[in-house]
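Heads up, the thing below is written out as structure tokens.
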Amino acid sequence: MNEADSSFPHPSPCVALCQLDEDGVCIGCRRTVREISSWSRLDEAQKAAVWQRLRALPRRTRLITCSNCSTRFPCGSGGEAGGCWCADLPPVAVTNAQDCLCPACLRQQPLA
């Protein structure tokens with residue numbers, strides 16, 4: 001089924017991180033105030049159009065702290081396929097319920 005198909009039920013893009021930036025765009029789902037306030041009244045074709053706009057936006061990056069060495073590093077970009085840089089590395093065995101690791105620490109982890 002085509003994701004842009006207006007017969008496909010489109011859930012709300014809300015990710016429960018509801019805060020507007022200086023331009024009136026939600027920092028969580030990236031919808032405008034108008035899109036948020038009208039969501040329940042939109043038909044499926046209109047919801048599909050909002051989702052299409054959201055998917056076309058560039059991937060957001062965020063600075064996070066390595067759970068191993070406390071280095072701050074960008075997460076969510078830099079990968080060959082346009083995703084996070086860590087997706088380009090071989091899978092590793094993560095121990096002790098570690099959160100994201102910086103590039104240097106991740107490369108030192110044993111392979112999964």
Side-chain angles (χ1 to χ4, degrees):
M1 181 185 306
N2 183 345
E3 287 183 15
D5 182 353
S6 62
S7 64
F8 180 77
H10 292 83
S12 170
C14 182
V15 294
L17 182 59
C18 307
Q19 182 180 344
L20 298 178
D21 67 13
E22 62 277 354
D23 297 320
V25 174
C26 178
I27 65 169
C29 67
R30 300 174 85 177
R31 289 181 293 168
T32 64
V33 171
R34 185 175 183 185
E35 289 169 336
I36 294 167
S37 64
S38 65
W39 185 260
S40 63
R41 296 183 308 276
L42 298 179
D43 62 29
E44 289 303 321
Q46 293 167 317
K47 288 178 181 180
V50 172
W51 270 107
Q52 185 176 11
R53 184 189 70 76
L54 295 174
R55 287 186 183 106
L57 293 173
R59 190 180 234 348
R60 280 195 172 164
T61 60
R62 60 189 173 111
L63 280 179
I64 59 175
T65 302
C66 176
S67 64
N68 188 50
C69 71
S70 300
T71 297
R72 300 277 291 162
F73 66 97
C75 180
S77 67
E80 292 176 16
C84 192
W85 57 268
C86 67
D88 298 335
L89 298 175
V92 298
V94 178
T95 59
N96 299 330
Q98 293 171 320
D99 198 358
C100 289
L101 299 174
C102 70
C105 289
L106 189 60
R107 285 185 180 95
Q108 294 175 6
Q109 296 296 304
L111 295 178

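- With hydrogens and angles ignored, the 3.5 Å screen pairs a side-chain donor or acceptor of Q46 with a backbone N or O of D43.
- Rounded to the nearest 0.5 Å, atoms CG (L42) and CH2 (W39) are 6.5 Å apart.
- Of the possible donor and acceptor atoms, one in the side chain of D88 sits under 3.5 Å from a partner among the backbone N and O of E80.
- Under the salt bridge (charged side-chain N to carboxylate O under 4.0 Å, His left out) criterion, R30 pairs with no residue, sequence neighbours left out.
- Between L63 and P74, the shortest heavy-atom contact is CD2-N, 3.7 Å.
- Transitive grouping of hydrophobic side chains (ILVMFWY, heavy atoms separated by less than 4.5 Å) keeps L17 and L20 in distinct clusters.
- L106 has its side chain out of reach of F73: every pair of non-hydrogen atoms, C-beta onward, lies at least 4.5 Å apart.
- With hydrogens and angles disregarded, a donor-acceptor distance shorter than 3.5 Å links the side chain of D21 to the backbone of D23.
- C26 contributes atom SG, which lies 10.5 Å from atom CD of E35 (distance to the nearest 0.5 angstrom).
- For H10 against E44, the heavy-atom pair with the smallest separation is N-OE1, 2.8 Å.
- For the pair K47 and P9, the minimum side-chain heavy-atom distance is 4.5 Å or more.
- In this view, R41 satisfies the side-chain hydrogen bond (donor to acceptor under 3.5 Å, both in side chains) rule with no residue, not counting sequence neighbours.
- In terms of heavy-atom proximity, C75 sits nearest to I64 at CB-CD1, 3.7 Å.
- Interatomic distance, I36 CD1 to C14 SG, rounded to the nearest 0.5 Å: 7.5 Å.
- Across all their heavy atoms, L101 and S67 have their closest contact at CD2-OG, 3.4 Å.
- In terms of heavy atoms, R53 sits closest to R31 at NH2-CA, 3.8 Å.
- Counting non-hydrogen atoms of neighbouring residues, nucleotides and ligands closer than 6.0 angstrom, the CZ atom of R34 reaches no more than 12 such neighbours.
- Judged purely by atom type and a 3.5 angstrom limit, W51 has no side-chain atom pairing as donor or acceptor with the backbone of P13.
- Not counting sequence neighbours, T71 has no partner by the side-chain hydrogen bond (donor to acceptor under 3.5 Å, both in side chains) test.
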